[in-house]
Amino acid sequence: MPLYREVADDIEQLIHQGTLAPGTRIPSLRKTSRRLAVSLTTVMEAYRLLEDRGLVEVRPQSGHYVKLAAANAPPEPARTPTCDAPSELDAADLIEQLVREASQPGLVMPFGAAVPAPEFLPISRLNGLLSRAVRREPIVSQSYDSIPGRPELRRQIARLAVAGGSSLTADDLVVTTGAQEAISLALRVVVRPGDTVAIESPTYHGFLQVLENLHVKALELATDPREGICPDAVAEALSDGQLAAVVVVSSFGNPMGHRMPDQYRRLLVQRLRAARVPLIEDDTYGELGFEGPRPRTLHSFDQELATEDGAGSNVLLLSSFSKILAPGLRVGWIAPGRFRKEVVMQKYASSLATATPTQLAIADYLAAGGLSRHVRKLRRSFKDLVRRMITEIGEHFPSGTRVTRPAGGYLLWVEMPEDVDAFALHRAALAEDISITPGPIFSASGRYGNCIRLNCAVPWSDTVARAIRLVGELARSQTD
Ligand SMILES: Cc1ncc(COP(=O)(O)O)c(C=O)c1O
């Protein structure tokens with residue numbers, strides 16, 4: 001663990017113990033540097049991390065103070081361990097049922113679905129662009145689109161990818177029916193039945209569904225709630241030569257919202273490249289960071305190395321517009337690198353082509369140039385909603401609850417005391433028309449029976465606050 005994180009953890013513990021009470025000044029940079037015998041730069045980085053964690057604030061010319069709300073903020077979950085062995089998968093039916101329940105109509109509060117509420121999406125503008133597209137090209141629905149998708153959309157996607165450091169042309173891209181089809185295509189071309197694929201733990205359940213469908217085993221690797229999959233765990237898993245691929249969400253993962261540091265990104269890409277094990281990078285939440293510049297993709301690090309060693313790409317990068325524009329339009333994409341030919345053939349076998357009108361609407365939206373402003377607004381709103389939800393959880397969930405501090409996106413991972421049963425909590429909440437997502441569907445081996453994932457992308461209101469309070473009360477009633 002980097003030294004500055006140890007320093008930040010040390011001070012965070014003092015805050016949670018009440019030794020550093022809300023509103024008090026924390027020791028100066030110099031004092032902490034002397035007390036812990038570390039450099040001033042390390043302490044500065046640690047204090048910045050504490051700010052990111054929402055625990056301290058800077059008062060100009062005065063110093064760092066413990067935030068008033070910090071006392072209520074529950075601690076973060078610990079890094080998860082690597083599983084002893086790969087798991088056979090057998091949960092597709094359960095995942096399908098829970099995902100369906102999470103988004104059923106008529107819910108008072110859809111904390112279970114990983115989609116932003118309609119208030120955050122430019123739905124009416126996209127509807128207008130859809131009808132404009134079909135007026136402009138009246139026979140667009142009369143024929144199949146080309147397999148890789150509309151060139152004008154692929155050109156726009158290539159432009160967007162520049163912000164993540166990836167250098168792509170329209171020819172490098174294949175448009176897909178959402179990121180989910182891209183995941184399915186990527187896995188289909190790199191694995192065979194009986195193979196083992198390494199995944200984060202917890203991981204996005206959509207990966208598990210595809211792996212099960214392909215009769216592939218999943219190996220859950222150690223994952224840090226802030227930094228994502230642990231590169232040393234990947235190195236260890238690679239050492240026995242059994243991995244067919246690694247699948248990660250490098251930025252603002254589902255469910256933990258981690259952001260992999262650049263040095264880990266480089267290391268991971270280097271190791272997988274050296275072993276010639278393909279890396280599937282899901283960048284679906286990449287635009288939604290709360291602070292700083294947009295993270296660089298793993299793909300961009302791989303491109304750098306490919307230029308040096310001339311051995312071609314090893315990363316299949318994929319994403320979609322579901323989390324920032326409209327999940328129902330089902331427009332995603334993949335940059336399959338050296339697997340392009342196989343991915344195009346799989347796409348042909350899977351769906352012939354993506355629906356054309358929706359591609360045109362998204363291409364027109366991107367060409368009009370409003371995306372950056374829209375995404376900046378989303379980042380601000382989601383950051384605020386995530387912060388409010390953490391405070392609310394701190395007040396109403398059982399003591400001993402831990403919650404992530406996502407660096408972006410809008411999902412929270414909540415780890416409750418061992419005696420809370422996430423499935424029972426899900427059923428009790430659903431009876432009150434509130435959906436949540438139980439933890440075990442994010443694991444290949446049935447871990448996380450006391451965890452849930454919550455979607456914070458719902459506009460704040462008394463109803464939201466009441467609903468989260470009720471979920472907390474239901475969880476507490478299991479611990480009494
Ligand atoms: C990490 C991740 N990848 C992919 C998807 C699927 O996205 P799409 O709607 O574009 O198929 C999701 C949806 O929740 C997700 O969280």
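As the structure lists them, so they are numbered: ligands from 1, and atoms in each ligand from 1. The first residue in the sequence is number 1, and the count goes up from there.
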Compute whether any side-chain donor of one residue and acceptor of the other, for [X] and [Y], lie under 3.5 angstrom apart.
X	Y	value
T223	E200	no
T284	D282	yes
N127	S124	no
S443	E220	yes

Check each atom of ligand 1 against the heavy atoms of T284 and keep those under 4.0 Å away; list them by number with element.
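Answer, ordered by atom number: 3 (N), 4 (C).
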Looking at G178, which atoms of ligand 1 are within less than 4.0 Å of one of its heavy atoms?
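Every atom of ligand 1 under 4.0 Å from some heavy atom of G178: 10 (O), 11 (O).
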So is [X] touching ligand 1 or not, going by heavy atoms under 4.0 Å?
X	answer
E181	no
F321	no
V115	no

To which protein heavy atom is [atom] closest, and what is the distance rounded to 0.1 Å?
atom	answer
atom 14 (O) of ligand 1	K323 NZ, 2.7 Å
atom 7 (O) of ligand 1	A179 CB, 3.7 Å
atom 2 (C) of ligand 1	D282 OD2, 3.4 Å
atom 6 (C) of ligand 1	Y204 OH, 3.4 Å

Could you walk me through whether D52 and R226 satisfy the salt bridge (charged side-chain N to carboxylate O under 4.0 Å, His left out) test, starting with their C-alpha distance in whole Å, then the side-chain angles of each, then the deciding distance to 0.1 Å, before giving a yes or no?
CA-CA 11 Å; D52 286 350; R226 282 189 172 260; 5.8 Å; no
Check whether any side-chain N or O of D283 sits under 3.5 Å from a backbone N or O of S251 as a donor-acceptor pair, and report yes or no.
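Answer holds: no.
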Any donor and acceptor pair, going by atom type alone, linking the side chain of Y448 with main-chain N or O of E415 inside 3.5 Å?
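No.
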For atom 9 (O) of ligand 1, which of G332, S322, A182 has the closest heavy atom?
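Of the listed residues, S322 has the closest heavy atom.
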Out of G206, G253, A113, S320, who gets a non-hydrogen atom closest to atom 10 (O) of ligand 1?
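It is S320 whose heavy atom sits nearest to atom 10 (O) of ligand 1.
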Hey, mind stepping through S350 and E181 against side-chain hydrogen bond (donor to acceptor under 3.5 Å, both in side chains) and telling me if it holds?
CA-CA 9 Å; S350 150; E181 190 192 28; 2.7 Å; yes
With only distance considered, is V249 within less than 3.5 Å of ligand 1 through an N or O on each side?
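The answer is no, given that V249 and ligand 1 share no N or O pair closer than 3.5 Å.
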What do you reckon, does R330 have a nitrogen or oxygen under 3.5 Å from a nitrogen or oxygen of ligand 1?
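N/O-N/O distance under 3.5 Å: yes.
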CZ on F442 to CZ on F207, rounded to 0.5 Å
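Separation between the atoms: 11.5 Å.
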